[in-house]
2 protein chains.
Amino acid sequence: MNSRNSYHHGDLRRALLDEAALLLREEGEQGLSMRRLAARAGVSRTAPYHHFKDKQDLLCAIAEEGFRRFVGVLTLDGRELSRDRLARFIRDYLQFAIENTEYYDLMFGSHLWKSSHITGTLQKEAHGAFRFYLDQARGWLGQDFVNPDLDPLRYAQVTWSTLHGLSRLLIDGIYLESGAMDPVCEQAASMFWRELTAQPA
Amino acid sequence: MNSRNSYHHGDLRRALLDEAALLLREEGEQGLSMRRLAARAGVSRTAPYHHFKDKQDLLCAIAEEGFRRFVGVLTLDGRELSRDRLARFIRDYLQFAIENTEYYDLMFGSHLWKSSHITGTLQKEAHGAFRFYLDQARGWLGQDFVNPDLDPLRYAQVTWSTLHGLSRLLIDGIYLESGAMDPVCEQAASMFWRELTAQPA
DNA sequence: AGATGTATTTTGACAGTGTCAAGATACCTT
DNA sequence: AAGGTATCTTGACACTGTCAAAATACATCT
């Protein structure tokens with residue numbers, strides 16, 4: 001719908017999205033201002049406002065792209081369940097978060113979610129990502145070694161919280177350093193797997 | 001050292017800290033500006049700069065106060081370990097995070113941690129909070145029903161991540177709504193307890 | 001081809017921000 | 001009473017997001 005609009009610039013919208021992500025990665029959130037972004041793209045200060053209603057709108061669009069990449073990474077391969085498969089998923093999640101901080105910060109940042117100026121399309125994309133995970137958890141429930149008493153929704157919510165918490169603490173370097181990723185992933189995998197395969201009381 | 005300095009205002013530093021927290025709670029992060037804060041306290045725009053070097057410095061001081069309250073809440077009662085005690089700890093953590101968002105956002109927010117302008121005293125306070133939790137986990141390891149193969153550091157890191165992740169998702173309303181807190185707490189408690197009391201292989 | 005309309009970009013402006021440098025004020029100590 | 005120091009104010013600067021109005025370039029239709 002809006003992908004080929006190349007009047008004066010070429011494809012300004014695309015250029016803005018890329019340059020913005022680059023700017024975020026290089027200098028962090030405070031390094032990205034609409035005016036600097038415009039300058040980098042070689043246009044005037046208010047040119048971006050014809051492609052994005054707001055700064056928030058721009059950020060939402062970047063976050064959306066983040067979610068698309070995210071789902072692409074996490075949907076890697078088949079559906080067979082095993083402890084190794086689970087451990088790999090955990091590592092993939094954390095690796096994405098660490099290597100794509102610019103995106104992850106926006107995707108799950110307070111800025112966009114709290115402000116209620118959040119785009120509907122972003123909310124859909126975000127919801128789809130969780131839905132994908134939840135459906136996978138539901139699928140596991142058929143297996144005979146999986147605890148039939150497990151509520152897949154609660155399980156998905158809590159395990160996702162663990163992954164998100166680990167990502168945040170790793171990214172911000174709070175109680176975890178990225179050097180210790182392997183043993184931490186192992187510990188998380190242990191807990192995820194134990195809860196999944198517990199015997200019903 | 002700097003608590004009784006009441007020359008012109010009374011105790012401006014104290015007033016600024018309180019007013020800032022109030023402002024954050026009422027209007028969120030974007031509602032707090034140094035100039036508005038000064039205006040609310042009835043002083044000139046640059047008066048706060050004689051009590052806090054930076055805006056960051058101010059935020060760090062608020063976060064510090066948050067940690068002190070936090071530790072006060074979490075250190076509630078005795079040290080006897082039980083599933084109920086664990087579940088209560090989880091609820092207390094989440095409740096603090098939800099009811100004191102102004103503080104929690106700063107205490108574990110990217111803003112302060114990423115910028116490397118973070119105060120040494122804040123880092124100490126934050127480290128102390130985790131250390132307290134870790135020591136508790138280490139203490140549990142003596143009990144006979146606790147898995148002796150468990151690495152208390154990894155366990156503390158991953159469970160804290162879960163708590164932090166739950167808090168963030170709850171606060172920002174991402175995949176969790178605060179209405180569903182009880183079952184989510186239960187699920188988390190189940191996982192924490194199961195890992196803690198697992199039989200060694 | 002030329003006219004019309006629409007999408008895109010620019011210029012100018014406004015209110016707001018964090019923070020620095022100089023000056024003014026009030027308090028404490030001697 | 002004098003001097004020094006901690007506190008506060010005023011003025012200024014370079015930024016920021018974003019609106020309104022004007023200018024430009026393109027697509028389309030006659």
Side-chain angles (χ1 to χ4, degrees), chain A residues 1-17 19-20 23-24 26-63 106 109 111-112 114-119, chain B residues 1-20 23-24 26-63 106 109-112 114-119:
Chain A
M1 185 211 272
N2 50 15
S3 145
R4 190 80 33 67
N5 308 355
S6 59
Y7 288 72
H8 307 59
H9 175 276
D11 194 347
L12 183 54
R13 185 186 156 92
R14 185 68 263 144
L16 289 172
L17 287 172
E19 202 72 43
L23 217 40
L24 283 176
E26 283 170 352
E27 313 189 29
E29 174 200 344
Q30 68 159 11
L32 171 61
S33 79
M34 292 300 262
R35 293 168 106 108
R36 278 191 69 184
L37 179 58
R40 284 240 191 166
V43 296
S44 160
R45 299 121 251 168
T46 60
Y49 284 88
H50 291 89
H51 298 270
F52 304 98
K53 159 178 166 298
D54 254 343
K55 186 178 186 181
Q56 285 259 337
D57 195 34
L58 200 226
L59 297 178
C60 282
I62 301 175
L106 288 178
H111 257 163
L112 267 29
K114 277 212 261 207
S115 68
S116 81
H117 284 65
I118 189 173
T119 301
Chain B
M1 185 210 274
N2 50 15
S3 143
R4 189 82 33 65
N5 307 355
S6 58
Y7 287 72
H8 307 60
H9 175 278
D11 194 346
L12 183 55
R13 184 186 157 91
R14 184 68 265 144
L16 289 172
L17 286 172
D18 293 343
E19 202 73 42
L23 216 42
L24 282 176
E26 284 170 352
E27 313 187 30
E29 175 200 343
Q30 69 159 10
L32 170 61
S33 81
M34 292 299 262
R35 294 168 107 109
R36 278 191 67 184
L37 180 58
R40 284 240 191 167
V43 295
S44 158
R45 300 122 251 167
T46 60
Y49 285 88
H50 292 89
H51 298 270
F52 305 98
K53 158 179 167 299
D54 255 341
K55 186 177 187 183
Q56 285 259 337
D57 195 33
L58 201 225
L59 297 178
C60 282
I62 301 175
L106 288 179
S110 313
H111 256 163
L112 267 30
K114 276 211 260 206
S115 70
S116 80
H117 283 66
I118 189 172
T119 301

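Numbered from 1 within each chain, the chains take letters A, B, ... in sequence-line order. Every value quoted in this text rests on a predicted model; they were computed, and no experiment measured them.
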For DNA chain C, the residues among residues 30-43 of chain A that have a non-hydrogen atom under 4.0 Å from it: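 When residues 30-43 of chain A is checked for heavy atoms under 4.0 Å from DNA chain C, the hits, listed by number, are R35(A), V43(A).
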Between [N] atom [atom2] and [X] atom [atom1], what is the distance in whole Å?
X	N	atom1	atom2	value
R13(A)	dT9(C)	CZ	P	13 Å
F52(B)	dC8(D)	CZ	P	11 Å
L12(B)	dT9(D)	CG	C1'	13 Å
L58(B)	dG18(C)	CG	P	10 Å
H51(B)	dA6(D)	NE2	C1'	9 Å
D54(A)	dT16(D)	CG	P	17 Å
K55(A)	dG16(C)	NZ	P	18 Å

Minimum heavy-atom distance [X]-[Y], with the two atoms named:
X	Y	value
H111(B)	Q56(B)	O-NE2, 3.7 Å
M34(A)	P48(A)	CE-CB, 4.3 Å
L58(A)	L17(A)	CD2-CD2, 3.8 Å
L59(A)	L32(A)	CD2-CD2, 3.9 Å

- request: Working to the nearest 0.5 Å, report the span between CD of Q30(A) and CG of L24(A).
  value: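 Nearest 0.5 Å value for the CD-CG distance: 11.0 Å.
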task: Look up atom CD1 in I118(A) and atom CG in D57(A), then write down how far apart they are to the nearest 0.5 Å.
output: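 Taking CD1 in I118(A) and CG in D57(A), the distance rounds to 11.5 Å.
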Side-chain donor/acceptor contact of T46(A) with base of dT11(C) under 3.5 Å: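 Side chain to base: pair found, below 3.5 Å.
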field: Base dT9(C) paired with H50(A) side chain (donor-acceptor, <3.5 Å)
entry: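 Answer is yes: a donor-acceptor pair is held.
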- prompt: With respect to the side chain of R45(B), which nucleotide from dC8(D), dT10(C), dT10(D) is positioned closest?
  reply: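 Side chain of R45(B) sits closest to dT10(D).
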field: Residue Y49(B), side-chain atoms from C-beta onward, closest of dC8(D), dG18(C), dG11(D)
entry: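 Nearest to the side-chain atoms of Y49(B), counting from C-beta on, is dG18(C).
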Review item, side-chain donor-acceptor pairs of residues 36-46 of chain B, under 3.5 Å, at least two apart:
residue, atom, partner, partner atom, Å
R36(B), NH1, E27(B), OE1, 3.1
R36(B), NH1, G31(B), O, 3.3
R36(B), NH2, E27(B), OE2, 2.8

